[in-house]
Amino acid sequence: MHAPHAPRATGVSLVAALSAALGACAPATRTTPAPVPAPAPAPAATTAAVVPASVRWTRVSAEHRALYTEIYRFAGRHIEELATGLAAGTWGVILDADETVLDNSPYELGRARLDSAFTPASWAAWVRRSAAPALPGAAAFIAHVHEIGGRVVIVTNRADEQCGDTRENFRALAIAVDTVLCQHGSESDKNARFDAVQRGVGTLPPLRVLMWVGDNIQDFPHTTQALRDAPDSALAPFGDRFIVLPNPMYGSWEKNEVK
């Protein structure tokens, strides 16, 4: 069966049909595209992002304060035992300065926020300020050593030309020390200075050193990072005559190869 024929178009309807067809073929009206939004700026780095975890832990953790307080309390009780029966003024304690008595984490924080590492110039400027605060427990321990008849000697690897500012820092903190021995030239080994204290140095008589306190393994006589691979017996002096404090910010350990 065939499809029926379509009805014939009239003149009017033909014009309308042609107009519609031409309209359908006409290009669409152009519109200006909306501008693409610029990407949002990256958020500024936060303190947590730029400050190393080691500095953050030292600056803000309760554990840091608790550990220093705990260790110095133990040292204060133990020095009483070690000094029993000894005449006042004949014995002493040797302490390191930085990260043992003096807290340099403000310096480390400032360098981290500048996205910059340690430099001799920035360190010298910090030392000249004589503004390092005392670490928890340090002042009380030093005062206790003096109370029970001991002498206190600081052996530090701050340069000789920084010794005056270092002594001023102790005075500003009202921490009395009997002498401060700084580093001569490039000689960072402290053993010669340890020996000098035991022979007598400056106005001090020869002292029987009962205890060393430090944050670096080299703050203790004839001890180096090689101790990490030594037998347990090599650690016998620690917790007795050697008292070590935590310092995750820097130290001789940084040169150790990670295994």
Side-chain angles (χ1 to χ4, degrees), residues 52 54-55 58-59 68 92-135 138-139 141-142 151-204 207 209 211-225 242-256:
S54 58
V55 177
T58 301
R59 292 289 298 161
Y68 270 75
V93 171
I94 292 178
L95 299 97
D96 176 50
D98 300 310
E99 278 41 82
T100 297
V101 182
L102 301 179
D103 178 5
N104 298 296
S105 64
Y107 165 79
E108 298 289 338
L109 178 63
R111 299 306 292 171
R113 285 179 170 167
L114 288 172
D115 192 23
S116 182
F118 169 92
T119 64
S122 64
W123 173 250
W126 165 252
V127 172
R128 282 195 299 272
R129 291 176 57 192
S130 301
L135 284 154
F141 171 75
I142 289 171
R151 302 293 186 94
V152 175
V153 177
I154 302 294
V155 176
T156 173
N157 275 347
R158 290 186 173 196
D160 258 342
E161 57 268 27
Q162 298 171 336
C163 242
D165 293 319
T166 303
R167 293 186 183 98
E168 179 55 37
N169 203 151
F170 284 113
R171 284 192 290 269
L173 295 170
I175 295 178
V177 298
D178 293 282
T179 194
V180 179
L181 303 180
C182 292
Q183 177 178 313
H184 300 294
S186 60
E187 183 52 67
S188 62
D189 190 319
K190 294 183 173 182
N191 285 292
R193 283 170 280 166
F194 294 157
D195 293 342
V197 173
Q198 295 173 90
R199 293 193 306 267
V201 62
T203 60
L204 291 178
L207 296 176
V209 180
M211 183 180 286
W212 281 260
V213 185
D215 66 289
N216 189 315
I217 208 69
Q218 295 172 354
D219 293 332
F220 307 97
H222 308 292
T223 307
T224 69
Q225 286 293 326
F242 297 174
I243 306 296
V244 68
L245 294 154
N247 175 12
M249 296 188 295
Y250 62 88
S252 58
W253 55 268
E254 293 179 276
K255 297 179 181 179
N256 294 349

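Since we're looking at a predicted model, the values are computed, not measured.
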Say you draw a straight line from [atom1] of [X] to [atom2] of [Y]; how long is it, rounded to the nearest 0.5 Å?
X	Y	atom1	atom2	result
I217	W253	CD1	CH2	13.5 Å
R193	T156	CZ	OG1	7.5 Å
I243	D215	CD1	CG	13.5 Å
R111	L109	CZ	CG	12.0 Å
D98	N247	CG	CG	9.5 Å
N169	R129	CG	CZ	10.0 Å

What verdict does the side-chain contact (heavy atoms from CB on, under 4.5 Å) test give for V127 and R158, after you've listed the backbone C-alpha separation in whole Å, the side-chain angles of each residue and the deciding distance to 0.1 Å? CA-CA 9 Å; V127 172; R158 290 186 173 196; 3.6 Å; yes

W123 vs Y107 aromatic rings, parallel, tilted or perpendicular, using cut-offs 30° and 60°? perpendicular

How are the rings of F242 and W212 set relative to one another: parallel (under 30°), tilted (30 to 60°) or perpendicular (over 60°)? perpendicular

Testing the basics here: between [X] and [Y], what is the closest heavy-atom pair and its distance to 0.1 Å?
X	Y	value
P106	R59	CG-NH1, 3.5 Å
A134	I175	CB-CD1, 4.0 Å
E99	N104	OE2-N, 2.8 Å
S130	A172	O-CB, 4.3 Å
T100	Y68	O-CE2, 4.3 Å
A97	F170	CB-CZ, 4.4 Å

Using only atom types and a distance under 3.5 Å, with no angle test, would you say the side chain of [X] pairs donor to acceptor with the backbone of [Y]?
X	Y	answer
T166	G164	no
E187	Q183	no
D103	A132	no

Please test L181 against V153 for side-chain contact (heavy atoms from CB on, under 4.5 Å), starting from the C-alpha separation and ending with a verdict. CA-CA 8 Å; L181 303 180; V153 177; 4.3 Å; yes

Would you say the side chain of [Y] lies within less than 4.5 Å of the side chain of [X], judging by non-hydrogen atoms?
X	Y	result
C182	Q162	no
F220	V244	yes
E108	T58	no

Does one side chain, of N157 or S188, offer a donor that lies under 3.5 Å from an acceptor on the other? no

Can a side-chain donor-acceptor contact be found between S54 and Y250 if the only test is distance below 3.5 angstrom? no

Salt bridge check, E168 against R171: does any charged N sit closer than 4.0 Å to a carboxylate O? yes

For K190, is there an ion pair with D96 - N to carboxylate O distance below 4.0 angstrom? yes

